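Encoded as structure tokens, the structure appears first; notes follow it.
Given the structure is predicted, the values throughout are model-derived calculations rather than measurements. Naming convention: chains lettered A, B, ... in sequence-line order (proteins, then strands); numbering from 1 in each chain.
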Number of protein chains: 2
Amino acid sequence: MDKVTIKDIAREAGVSITTVSRVLNNKEEGMSNETREKVLRVIEKVNYQPNQLARSLVTKRSKMLGLIVPNISNPFFPELCRGAEDEANDHNYSLIICNSDDQLHKEENYLRLLKEQQVDGILLSSKDQLSETNKMQLRESKIPFIIFDRGEEGNQHSGVFLDNEKGGYLAGQHLIALGHTQIACITGPKNIHNSQKRLSGFQLALKEAALGLPEEFILTGDFKMDTAYQLAKEFLKNNRVTAIFACNDLMACGVYQAAHELGIRIPEQLSIIGFDDIPLITALIPKLTTIRQNTYEMGRKAIELLIHQIEHESSERVVFEPTLIVRESTKQINKVGGVDI
Amino acid sequence: MDKVTIKDIAREAGVSITTVSRVLNNKEEGMSNETREKVLRVIEKVNYQPNQLARSLVTKRSKMLGLIVPNISNPFFPELCRGAEDEANDHNYSLIICNSDDQLHKEENYLRLLKEQQVDGILLSSKDQLSETNKMQLRESKIPFIIFDRGEEGNQHSGVFLDNEKGGYLAGQHLIALGHTQIACITGPKNIHNSQKRLSGFQLALKEAALGLPEEFILTGDFKMDTAYQLAKEFLKNNRVTAIFACNDLMACGVYQAAHELGIRIPEQLSIIGFDDIPLITALIPKLTTIRQNTYEMGRKAIELLIHQIEHESSERVVFEPTLIVRESTKQINKVGGVDI
DNA sequence: ATGAAAGCGCTAACAG
DNA sequence: CTGTTAGCGCTTTCAT
């Protein structure tokens, strides 16, 4: 028994395929309820499911969206996926999730593949700016796309972004309010815009408090735990600070490790603040104070924008505000118990 | 300027669309190199990309696969996704990743959606057995599917599984080898087959060492961190054990929290062993000893099986072996330093 | 209120 | 070696 098609339904119900198509698409106008019921019954009976591919071919709408993330193993992104997926489903779209593994050629490859698959739109999230070629190709192919959280300074393209500078600022403020003056920062890669913004916001807060951030207290990481661990270990061996701002939570984990091995107690001897508020972070002991971005909601919003762009040709930029989540890894410095620093 | 189609290429190159189709599909036989080159040049020039939807409609092969995971936020699953995706791409398939959020109706919904989208096959992973309705529907629709890591005792369906019993056994053996005799276990939900297997393997190891696992030392969790935390806290307050086996890493995290709050030191006073070896687990202090499953490879294998089933109609069951990863959270009991237990 | 027919972009016999 | 033709399963004018 082969796949049942609209023809089979039509024959079985004794109507034309046009009629079946009409009830499939809920075309209200003119059609006896009787006919409709009849068709519906047959559809029900044989458990008929229309072939979306065939539909798409004629409507030129595949009802599929693409999402490209740079690294699904970073717990930040599954949250984004969940948000994106839920929103897509709510609008009756399916989502093809692609993991570019931070490799440009993979990203390019997916872009091509998604286009071939005729997705109606693409949500692009990657560590940094789009390569020029990709950007051009994307525009040229006229397929709607939305940028997610990548530094696109001065760029007009619609998307959802986080106010990274504000986030860095909040982190700085928090540390200052706790009385810290000797502070270091582990950043992401230098060429990544988001990372730079977090740093500059942080620096701004310090400056406002008349504090400096010496060049040698700025460690350039890569958003990965292991590198941060190495960096922090080396640094903490040779320098005395009372607080560290890690530009993402993964790197904060690395700092935990380093501090642990050096016998430095958190938060008594060292306050740590992270960035992102990834889910598993609550497993850390002590619990990490961090700058939270509402990734799930950002994912939803991004897809909302994308669908809006698809259906109404208009687009937008929206910027989310990060929030400070105070937990246990930061501490008032005056209250340090018996440890001189 | 509208989307360029095979017709445009044909016109531009001065050949028939059949010829274009032939070069698109690398049909070697008979065709002057000259013609081929000419067509290729035109394709290149206008950056033509064939419409996969139209192709699928005639070939009845969409080159799309579906993957349904129960909870993308559990770090276990992104690894699976990565493996599955890489394997799929290697075979020129795309993957639609769906997150069922542990909700049956979502799973059903995705199943329908994937079928409508005409995926060539489905990789199904969820916490537990397929609902009977889903299973029936799946078989009825004759769409190839592969089961991933769900307890399917006595089931003949092809898929990729982990020898959970062996895993539990390894955990038990390890603890015993370290001299532990007072041991507790936090399991997953009672009705989940995998979870039961881990427990029974664990019990087997204890029994072989002539040790018992009293009923009240078996805590029934739900694979989530928070529940495990509550359970462990309550339990550790009232009972003295030197080791705990948590049936997944997330729950092990919960135990860490509980121990920390109770002032119990790991591993000096309490050894902990987990299950899964999820990526972020190395951020824990001390590093968690655990039973590892190679999720990435399992994901690859599962898709390999699926594609094989699609292309050769034959299927298979493969069982992976878990391995013990000794880190820092378990310790020889005799060497306990000055703490009486 | 319903149906016939054209056609979406492509592949696959079948001809030549 | 290349082109003609007939669909794939569906939606959409345009008739009736």
Side-chain angles (χ1 to χ4, degrees), chain A residues 1-40 42-43 46-64 92 115-120 141 143, chain B residues 1-40 42-43 46-64 92 115-120 141 143:
Chain A
M1 171 192 104
D2 231 24
K3 206 112 192 178
V4 20
T5 76
I6 197 173
K7 262 189 206 154
D8 304 319
I9 305 297
R11 191 174 1 83
E12 194 77 7
V15 298
S16 74
I17 60 171
T18 312
T19 303
V20 178
S21 175
R22 284 205 182 93
V23 352
L24 246 30
N25 295 285
N26 296 309
K27 304 273 190 216
E28 297 299 337
E29 344 105 31
M31 175 183 325
S32 73
N33 256 317
E34 195 185 348
T35 318
R36 173 182 303 271
E37 295 295 331
K38 197 169 49 184
V39 173
L40 248 19
V42 178
I43 288 181
V46 303
N47 189 24
Y48 164 69
Q49 297 184 315
N51 181 331
Q52 182 59 44
L53 257 39
R55 289 180 131 165
S56 305
L57 193 56
V58 17
T59 59
K60 275 123 167 42
R61 282 286 159 85
S62 68
K63 284 298 196 175
M64 291 192 297
N92 250 292
K115 272 185 284 181
E116 286 186 4
Q117 216 69 257
Q118 311 299 122
V119 296
D120 294 335
S141 68
I143 164 166
Chain B
M1 173 189 103
D2 230 22
K3 206 116 190 175
V4 20
T5 78
I6 198 172
K7 262 189 207 155
D8 303 317
I9 306 296
R11 190 174 2 83
E12 193 79 7
V15 297
S16 76
I17 62 171
T18 311
T19 302
V20 178
S21 175
R22 283 203 183 93
V23 351
L24 246 31
N25 295 284
N26 297 309
K27 303 275 189 213
E28 296 300 337
E29 345 107 28
M31 173 181 327
S32 73
N33 256 316
E34 195 185 347
T35 319
R36 174 182 304 272
E37 294 295 331
K38 195 169 51 185
V39 173
L40 248 21
V42 178
I43 289 180
V46 304
N47 188 23
Y48 164 69
Q49 295 185 317
N51 181 330
Q52 181 60 43
L53 257 39
R55 286 178 133 166
S56 305
L57 192 56
V58 19
T59 60
K60 274 115 169 41
R61 283 287 161 84
S62 68
K63 285 297 196 176
M64 291 192 296
N92 250 293
K115 271 186 285 180
E116 286 186 3
Q117 215 68 258
Q118 309 299 120
V119 296
D120 295 334
S141 68
I143 164 166

Between CZ of A:Arg22 and P of C:dA4 the distance, given in whole Å, is 12 Å
From CD1 of B:Ile43 across to P of C:dC10 the rounded distance in Å is 10 Å
Separation of D:dC8 atom C1' from A:Lys3 atom NZ, nearest Å, is 13 Å
Margin query: Treating B:Thr19 as the side-chain partner and B:Val15 as the backbone partner, does any N or O pair qualify as donor plus acceptor under 3.5 Å?
Written below: no
- prompt: Is the shortest side-chain N/O distance from A:Ser16 to OP1 or OP2 of C:dT2 below 4.0 Å?
  reply: no
### Query
Taking only N and O in the side chain of B:Lys60, is any of them less than 4.0 Å away from OP1 or OP2 of C:dT11?
no
When rounded to whole Å, the CD1 to P distance for the pair A:Ile6 and D:dG9 reads 11 Å
Assert: residue with more 5' nearest nucleotide on DNA chain D, out of B:Val15 and B:Ala54, is B:Val15
B:Asn51 atom CG is separated from C:dT11 atom P, nearest whole Å, by 9 Å
**Prompt:** Taking OP1 and OP2 of C:dG3, is either one under 4.0 Å from a side-chain nitrogen or oxygen of A:Thr19?
**Reply:** yes
Close side-chain approach of B:Gln118 to A:Lys3, heavy-atom, < 4.5 Å: yes
C:dG9 OP1/OP2 closer than 4.0 Å to side-chain N/O of B:Tyr48
no
Given the options A:Ile6, A:Val39, A:Ile17, A:Leu40, A:Leu24 meets side chain to side chain contact (heavy atoms under 4.5 Å, CB included) only with A:Ile6
Of the candidates D:dT11, D:dT2, D:dG7, the side chain of B:Thr35 sits closest to D:dT2
The nucleotide from C:dA4, D:dT4, C:dT11 with an atom nearest the side chain of B:Val58 is C:dT11
- Item | Residue pair A:Ile143, A:Lys115: steps toward the side-chain contact (heavy atoms from CB on, under 4.5 Å) verdict | CA-CA 8 Å; A:Ile143 164 166; A:Lys115 272 185 284 181; 4.2 Å; yes
Check your understanding: Is there a side-chain polar atom (N or O) of A:Lys7 under 4.0 Å from OP1 or OP2 of D:dC8?
Key -> yes
From CD1 of B:Ile17 across to P of D:dT5 the rounded distance in Å is 11 Å
Here the distance between atom P of C:dT11 and atom CG of B:Asn26, to the nearest Å, is 11 Å
Taken to the nearest whole Å, CG/B:Asn25 to P/C:dA13 is 13 Å
- Decide whether A:Thr18 and A:Ser21 meet the rule of one side-chain donor and one side-chain acceptor closer than 3.5 Å. no
Against the side chain of A:Thr59, the closest entry in C:dT11, D:dT11, C:dC14 is D:dT11
Item to complete: For D:dT12, take OP1 and OP2 only and decide whether either is under 4.0 Å from a side-chain N or O of A:Lys27.
Response: yes
Item checked: N/O (side chain, A:Thr5) to phosphate O (OP1/OP2, D:dC8) under 4.0 Å -> no
Per atom distances to the B:Leu57 side chain, the nearest of D:dC8, D:dT2, D:dT12 is D:dC8
